[in-house]
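Below is one structure, written out as structure tokens; comments come after it.
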Amino acid sequence: MSPLLEVRNLHAGYGAINVLWDVGLDIREGQLTAIVGPNGAGKSTLLKAVMGLVQPTQGEILLRGSGLRGCRTWDMPEQGVALIPEGRMIFADMSVEENLIMGAFPVSRRAALARNLERAYELFPKLKDRRRQLAGSLSGGEAQMVVMARGMMAEPRLLLIDEPSLGLAPVIVHEIFGILQQLKQQGVTIVLVEQNTHMALGVADRVLMLRSGRLVLDRPASEIDLAQLHDLYFALEA
């Protein structure tokens, strides 16, 4: 079976500053692929390149065998791809439910709005209790739940998630990762960028590592020793 997402010989960055160097990887349908690595390794840049927020200078990105070059970011949900960005970007002056409705932007998803709202509230029961509350008044953990639920409103086949545990209390982190496990069991293909290597290994089928913009590891999660992963993470092992 062909990969859902293919990245081939990718070079990308910001202006004259190149961040990704000859990155190549496959994302298999139904799997959770964790991308780890130190700050500045290019993890977020890779997700942005897939979404069209950063334009590659070389290489290609294929979704179900078709090239994504030239595909506009706002058209990606129609392609079945959604990004849950780092930093819990919410519409602070809108209610929780209005934030979720914004995730149903694709025309093809609007007919299923009520069903997907109910699904979101099943995954995140706290949000149902706060659905009329302004999103800007939520805690950090609740805001992260809003961003994740909003991403699911477009019924993505491929969900890109950037640092969902950042700045959250351990109890909320465990709750978030429990939801990721549920989504994987429901057949959602997930690419997870995460600094918490222990939690990432616990849910991942496959682990990739970026370091200095280059892919230095691509291995099934079941084959990875956490101590060796940390050595590679900090460049203590070649």
Taking every non-hydrogen atom, the tightest pair across Ala200 and Val36: CB-CG1, 4.5 Å
Exam field: side chain Gln79 to backbone Val81, donor-acceptor pair closer than 3.5 Å: no
Leu229 vs Leu201 side-chain heavy atoms within contact, under 4.5 Å: yes
Check: Glu97 and Tyr121 side chains under 4.5 Å, non-hydrogen atoms: yes
Salt bridge (charged side-chain N to carboxylate O under 4.0 Å, His left out) involving Glu118 - partner list, sequence neighbours excluded: Lys128
Contacts of type salt bridge (charged side-chain N to carboxylate O under 4.0 Å, His left out), residue Asp22, not counting sequence neighbours: none
side-chain contact (heavy atoms from CB on, under 4.5 Å) against Leu62, all qualifying residues, sequence neighbours excluded: Glu6, Glu60
ILVMFWY network linking Leu232 to Leu208, side-chain heavy atoms under 4.5 angstrom: no
Carboxylate-amine/guanidinium contact Arg115 Glu155, below 4.0 Å: yes
side-chain contact (heavy atoms from CB on, under 4.5 Å) assessment of Leu53 paired with Leu83: CA-CA 11 Å; Leu53 292 164; Leu83 170 66; 4.0 Å; yes
Min side-chain heavy-atom separation Arg211-Pro38 under 4.5 Å: yes
For Pro85 against Val147, the heavy-atom pair lying closest together: CD-CG1, 4.0 Å
Single-linkage hydrophobic cluster, 4.5 Å side-chain cutoff, Ile84 and Leu123 together: yes
Minimum heavy-atom distance Gly13-Val54, with the two atoms named: O-CG1, 3.3 Å
More than 12 heavy atoms of other groups within 6.0 Å of Asp225 CG: yes
Gap separating the CZ atom of Arg131 from the CG atom of Asn99, nearest 0.5 angstrom: 15.0 Å
Salt-bridge criterion met for Asp205 and Lys184 (N-O under 4.0 Å): yes
Shortest non-hydrogen contact from Pro164 toward Ile176: CB-CG2, 4.1 Å
4.5 Å side-chain heavy-atom contact, Leu180 and Met148: yes
Close side-chain approach of Val203 to Ile190, heavy-atom, < 4.5 Å: no
Spacing of CD1 belonging to Ile179 relative to CG belonging to Leu183, to within rounding of 0.5 Å: 7.5 Å
Separation of Leu10 CG from Ile61 CD1 (nearest 0.5 Å): 5.0 Å
Close side-chain approach of Leu5 to Thr189, heavy-atom, < 4.5 Å: no
Pair Lys126 + Glu175: basic N to acidic O under 4.0 Å: yes
Distance, nearest 0.5 Å, that separates CG of Asn116 from CZ of Arg150: 15.0 Å
Residue pair Phe91 / Glu98, side-chain heavy-atom distance below 4.5 Å: no
Contact summary for Gly37 and Tyr233, nearest pair of heavy atoms: O-OH, 3.1 Å
Inter-residue atom distance Thr33.OG1 - Ile35.CD1, 0.5 Å rounding: 7.5 Å
Validation row: His230, Thr197 side chains within 4.5 angstrom (heavy atoms): yes
